Structures are given as structure tokens and as C-alpha cells.
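Because only heavy atoms are used, hydrogens play no part in the values below, and waters and symmetry mates are left out as well, while side chains stay in. Position 1 is the first residue of the sequence, and the numbers go up from there. Being a predicted model, the structure only gives us computed values, none of them experimental.
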Amino acid sequence: VQLQASGGGLVQPGGSLRLSCSASGLTFSANGVGWFRQAPGKEREFVAAVRKGTSSTYYAASVKGRFTISKDNANNRVYLQMNALRPEDTAVYYCAATGRGNPIMSSYFQTSTYSYWGQGTQVTVSS
């Protein structure tokens with residue numbers, strides 16, 4: 001299984017980016033998928049997730065209302081639309097997918113729930 005995150009870049013505060021995650025060897029429609037981020041000197045933190053087998057989505061409080069996670073099952077991709085970006089959103093963003101089983105809701109916020117990880121894409125918000 002390989003996940004590939006893309007779409008990062010440099011954007012001004014208030015701007016938008018859309019991150020994309022593609023997969024080989026795994027079907028996103030059958031797995032839970034999450035986005036995490038890690039800023040320099042900080043731990044990896046939860047950003048957003050979509051629950052396995054449902055359309056239920058979860059967001060970190062810091063991004064709720066600004067970010068939207070979505071699945072494109074036809075193309076086996078997951079997107080993270082990021083609007084109203086702030087300097088504190090600067091980080092490497094990772095997509096991740098769950099393995100077997102159906103994690104409970106609270107598990108989606110934890111890195112240990114995810115079996116597969118992409119390589120990360122850098123997002124820099126700066127004027």
C-alpha cells in the first residue's frame with residue numbers, strides 16, 4: 001500500500017489550497033482516512049478524518065469551518081480543502097488510512113489508529 005499526498009505550497013494568509021491524497025493497493029471507500037499535520041518542533045496533530053463506511057467527518061477545533069475533507073470514490077482520492085489559511089496552519093500535511101476493523105469515533109483523532117501513511121506535503125502560509 002502506498003499513499004501519495006500532493007497539493008501543498010506557499011500561500012498568503014487568507015488564501016486557499018486543496019491537498020490531494022491518492023492510493024495504490026488500497027481503496028479509500030473501504031477505509032477510514034485522515035489528515036494530520038506536523039509543524040517544526042511539534043508533535044503530529046490531527047486535522048480531519050472521514051469515517052470508514054460512512055460519510056461522517058471529524059475536524060480539529062482549530063480548522064473546523066475552514067477545512068473540508070472529502071472522498072472521491074470514483075477516482076480513489078481524498079481531498080482536504082483548506083480555506084482562510086493562517087500562518088499557524090504552516091506544517092507538513094500527511095494523509096493516512098486505517099487498516100482492518102472499524103475504529104470508534106474517538107480513535108480517528110489518534111495517529112496509532114492509522115496503518116498507512118503518505119510521505120507528506122509542505123504547506124506554508126506566509127505573506
Side-chain angles (χ1 to χ4, degrees):
V1 174
Q2 286 190 329
L3 303 184
Q4 179 83 25
S6 61
L10 172 64
V11 63
Q12 292 187 341
S16 299
L17 280 175
R18 188 177 77 160
L19 305 184
S20 177
C21 182
S22 61
S24 58
L26 178 147
T27 303
F28 282 137
S29 61
N31 292 75
V33 184
W35 285 95
F36 288 75
R37 66 187 182 186
Q38 189 166 18
K42 295 188 176 181
E43 292 188 355
R44 193 167 298 189
E45 66 174 3
F46 171 79
V47 175
V50 55
R51 190 169 184 175
K52 176 179 179 177
T54 78
S55 58
S56 297
T57 55
Y58 312 120
Y59 296 93
S62 59
V63 307
K64 197 168 186 179
R66 300 188 296 124
F67 292 10
T68 303
I69 187 171
S70 61
K71 278 188 183 180
D72 178 355
N73 291 332
N75 294 299
N76 200 32
R77 287 181 176 268
V78 174
Y79 299 104
L80 184 69
Q81 178 67 43
M82 305 187 296
N83 299 327
L85 283 161
R86 305 166 180 169
E88 54 263 40
D89 295 318
T90 296
V92 177
Y93 284 70
Y94 300 88
C95 61
T98 63
R100 294 183 178 181
N102 193 6
I104 60 174
M105 183 190 76
S106 60
S107 297
Y108 279 86
F109 300 87
Q110 302 167 11
T111 57
S112 59
T113 297
Y114 299 83
S115 300
Y116 310 104
W117 290 84
Q119 85 292 355
T121 185
Q122 175 71 45
V123 172
T124 303
V125 185
S126 175
S127 55

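- Taken from CD in Gln81 to CG in Leu19, the straight-line distance is 9.0 Å, to the nearest 0.5 Å.
- With contacts defined as side-chain heavy-atom distances shorter than 4.5 Å, the pair Gln122/Thr90 qualifies.
- We find the OG1-NZ distance between Thr57 and Lys71 to be 11.0 Å, quoted to the nearest 0.5 Å.
- A donor-acceptor pair under 3.5 Å is formed between the side chain of Gln119 and the backbone N or O of Ala5.
- Once rounded to the nearest 0.5 Å, the distance linking CZ of Phe28 with OG of Ser22 reads 7.0 Å.
- Minimum heavy-atom separation, Ser16 to Ala84: OG-N, 4.3 Å.
- Atoms OG1 and CZ, from Thr121 and Arg37 in turn, are 14.0 Å apart once rounded to the nearest 0.5 Å.
- Across every non-hydrogen atom of Pro13 and Ser127, the tightest pair is CD-N, 3.7 Å.
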Step-by-step side chain to side chain contact (heavy atoms under 4.5 Å, CB included) determination, Ser126 to Leu10
CA-CA 7 Å; Ser126 175; Leu10 172 64; 4.2 Å; yes
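- To the nearest 0.5 Å, atom CZ of residue Phe36 and atom CG of residue Leu80 are 12.0 Å apart.
- Lys52 and Ala30 get closest at one heavy-atom pair: CE-O, 3.1 Å.
- Criterion: ILVMFWY side-chain heavy atoms under 4.5 Å apart, direct or through other members. Under it, Ile69 and Leu85 are part of a common hydrophobic cluster.
- Note: the hydrophobic cluster containing Val78 does not contain Tyr94 (ILVMFWY, side chain heavy atoms under 4.5 Å, direct or indirect links).
- Atom CD of Glu43 is surrounded by 12 or fewer heavy atoms from other residues, nucleotides or ligands within 6.0 Å.
- A single hydrophobic cluster is seen to contain both Val11 and Val63, as judged by linkage of ILVMFWY side chains at heavy-atom distances under 4.5 Å, directly or through other members.
- No donor-acceptor pair closer than 3.5 Å links the side chain of Ser107 to the backbone N or O of Thr113.
- Residues Val125 and Met82 form no side-chain contact, since every pair of their non-hydrogen atoms from C-beta on lies 4.5 Å or further apart.
- Between Arg66 and Asp89, the shortest heavy-atom contact is NH1-OD2, 2.8 Å.
- Cluster membership for Val123 and Val33, using ILVMFWY side-chain heavy atoms within less than 4.5 angstrom, is shared.
- Only one option out of Trp35, Phe46, Tyr59 pairs with Phe109 in a ring-ring contact (aromatic ring centres under 6.0 Å, His included); it is Phe46.
- Between the Tyr114 side chain and the Tyr108 main chain, a donor and an acceptor come within less than 3.5 Å of each other.
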Does the pair Arg44 and Trp117 meet the rule for a side chain to side chain contact (heavy atoms under 4.5 Å, CB included), with working shown?
CA-CA 12 Å; Arg44 193 167 298 189; Trp117 290 84; 3.3 Å; yes
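- Here the shortest heavy-atom pairing between Ala23 and Leu3 reads CB-CD2, 3.4 Å.
- Minimum interatomic distance between Thr98 and Pro103 (heavy atoms only, all atoms of both residues): CG2-CG, 4.1 Å.
- A side-chain donor-acceptor contact under 3.5 Å links Asn76 to the backbone of Leu26.
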